[in-house]
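The next block holds one structure in the form of C-alpha cells; read it before the comments.
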Amino acid sequence: MFKNVIVRVPSKSISEGLTSANEGKPVYSKALVQHENYVSALTKAGVNVTVLEPKDEFPDSCFVEDVALCTSKCAIITRPGALSRRKEAALPDMIEALEKFYEHIEYIKEPGTVEAGDIMMVGDHFYIGLSARTNEAGAKQMIALLEKYGLSGQMVEMKEMLHLKTGLAYLENNNLLVAGEFKTAPEFEKFNKIEIELDEAYGANCIWVNDYVIVPEGYPKVQKKIEDLGYKVLVVDTSEYRKIDGGLSCLSLRF
Ligand code: CIR
C-alpha cells in the first residue's frame, strides 16, 4: 500500500520541456487542469498528496519521479542524465519534503547518472533500466545503496524507450503491463505479462495505487485489459504531458 505521494505543479516553462515527440508544445492551462485531475485521482486512491511549487527554471520539473527513488527503507536522490534536469534532483523543497517522511536519504554521485523513471519496484526488488539517462555507474551505485538497506536490484538492458517505465507498469499481484522491447525481455518472463499493442504503447505507463489503477485517457484497449484483471480504474487525461514524453508515473513519487 502507498500512503504518500509527492507531486510538483508544472511551470509555465513546460512548453520548453525535453521531447522526442512531434506533437506540438504543451498548453500550460490544460497541463494545469490535467495535473489537478491527477491529484484528485491520487486522493481518491487514498494517499496523502504533498504538492510542491512550480519551478520555472526547470521545464521538466513536474516529472518528479525521475529525481528520487522512494523505497520502504530510504529515499535515494538521483543524478539525472539529462543536463537540463541535473539540478532538479537537489531542489531544496523536494529534499525537505522527503526528509519529513524518511530518516535515511542517500545520493547518487558522479560519474553515475540515474533517472528513477528507469527504476521499477517489485516488492523489495528493483529493476534498473540502462538507458540514455541512466548509466551503468549510476545503476551500480543504486544497487549498492539498495543492498545497504536489505533491498536488491538488477540492471536491464534497453535500446528503444526513454525510460524503463515508459514501457512497463507493475500492477502488483504479479501483473505486469509490457510494451515494445520489453515484451520479449527475459527478465520479465516470470510475470503475468499483459501485452500492450503498438498503437496504444503510451498507455502502458499506468500506475497502481492501492485498490486502483490510474490509466491515461484515450487508450481503451489498455483500459479494458486492466478492468478485465479486476482492478478499479481511474482515467486521467495526460495529453499535454505526452507532448514532452511524460506520462502518469513520471508525475509522482509514490511510497
Ligand atoms: C524528459 O525528457 O526528461 C521529460 N521531458 C520527460 C520525463 C518523463 N519521465 C519519466 O518517464 N519518468
Side-chain angles (χ1 to χ4, degrees), residues 5-28 31 34-35 38 42 52 54-70 75-89 91 94 108 113-121 126-135 138-139 142 156 158-170 177-182 196 201-209 214-216 219 236 238-255:
V5 166
I6 300 176
V7 300
R8 186 183 293 286
V9 175
S11 65
K12 286 198 187 76
S13 61
I14 189 170
S15 55
E16 304 310 318
L18 296 173
T19 188
S20 63
N22 198 9
E23 299 178 8
K25 288 186 182 289
V27 177
Y28 174 56
Q34 291 177 356
H35 201 265
Y38 180 68
L42 289 165
L52 302 179
K55 293 285 176 201
D56 264 344
E57 1 22 325
F58 297 106
D60 286 301
S61 56
C62 57
F63 300 120
V64 287
E65 171 174 71
D66 294 318
V67 300
L69 181 70
C70 291
I76 301 169
I77 308 295
T78 65
R79 184 168 179 271
L83 276 178
S84 66
R85 302 198 60 190
R86 188 149 296 164
K87 290 191 177 147
E88 270 177 44
L91 284 171
M94 173 59 84
I108 298 296
T113 65
V114 173
E115 295 186 4
D118 278 320
I119 306 184
M120 181 175 74
M121 178 175 80
F126 294 77
Y127 293 89
I128 306 171
L130 296 176
S131 68
R133 305 286 183 89
T134 296
N135 65 17
M142 189 54 87
V156 179
M158 295 175 50
K159 290 191 185 73
E160 294 161 16
M161 304 261 181
L162 172 62
H163 287 123
L164 187 78
K165 280 184 288 186
T166 309
L168 283 177
Y170 186 56
L177 300 188
V178 287
E181 62 185 300
F182 302 125
I196 306 302
Y202 175 85
N205 186 258
C206 294
I207 47 173
W208 176 92
V209 186
I214 307 181
V215 179
Y219 302 88
V236 174
T238 55
S239 64
E240 301 317 293
Y241 301 95
R242 177 180 161 138
K243 291 174 182 173
I244 50 169
D245 299 339
L248 287 166
S249 77
C250 324
L251 287 168
S252 59
L253 289 168
R254 304 163 296 280
F255 50 99

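On a predicted model such as this, the values are computed, not experimentally measured, just so you know. Values below: all heavy atoms of this structure, side chains included; hydrogens, waters and symmetry mates excluded. Order of listing sets the numbers, starting from 1, for every ligand and every atom in it.
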| query | Rounded to the nearest 0.5 Å, what separation is found between the CG atom of Leu18 and the OG atom of Ser84? | reply | 4.0 Å
| message | Could you measure the distance from the CG atom of Leu42 to the CD1 atom of Ile214? Nearest 0.5 Å is fine. | response | 4.5 Å
| query | So which protein heavy atom does atom 10 (C) of ligand 1 come closest to, and at what separation? | reply | Cys250 SG, 2.8 Å
| How close does the nearest protein non-hydrogen atom get to atom 9 (N) of ligand 1, and which residue and atom is it? | Asp66 OD2, 2.9 Å
By number and element, which atoms of ligand 1 are closer than 4.0 Å to a non-hydrogen atom of [X]?
| X | answer |
| --- | --- |
| Gly117 | 12 (N) |
| Arg133 | 1 (C), 2 (O), 3 (O) |
| Ile244 | 4 (C), 5 (N), 6 (C) |
| Asp60 | 4 (C), 5 (N) |

| said: For His35 and Tyr241, take the angle between the two ring planes, folded into 0 to 90°, and tell me which bin it lands in: parallel under 30, tilted 30 to 60, perpendicular over 60. | reply: tilted
| said: Tell me if a side-chain donor or acceptor on Glu181 pairs with a main-chain N or O of Met161 at a distance below 3.5 Å. | reply: yes
| query | Got a donor-acceptor contact below 3.5 angstrom from the Tyr170 side chain to the Met121 backbone? | reply | no
| message | Tell me the contacting part of Leu18 for ligand 1: side chain, backbone, both, or neither, using a 4.0 Å heavy-atom threshold, strictly below. | response | both
| Counting heavy atoms only, which part of Lys165 comes closer than 4.0 Å to ligand 1: side chain, backbone, both or neither? | neither
| message | Looking at every heavy atom in both Ala31 and Ile14, which two are closest together, and how far apart are they? | response | CB-CD1, 4.2 Å
| request: Pick out which of Arg8, Arg85, Lys87 makes a side chain to side chain contact (heavy atoms under 4.5 Å, CB included) with Ser61. | output: Arg8
| remark: Partner of Arg133 under side chain to side chain contact (heavy atoms under 4.5 Å, CB included), picked from Leu164, Thr113, Leu162, is Leu162
| request: Would you check whether Thr166 has a nitrogen or oxygen atom less than 3.5 angstrom from a nitrogen or oxygen atom of ligand 1? | output: no
| message | Polar contacts were defined as any N/O atom of the residue lying under 3.5 Å from an N/O atom of the ligand; does this apply to Ser249 and ligand 1? | response | no
| query | Any heavy atom of Thr19 sitting closer than 4.0 Å to ligand 1? | reply | no
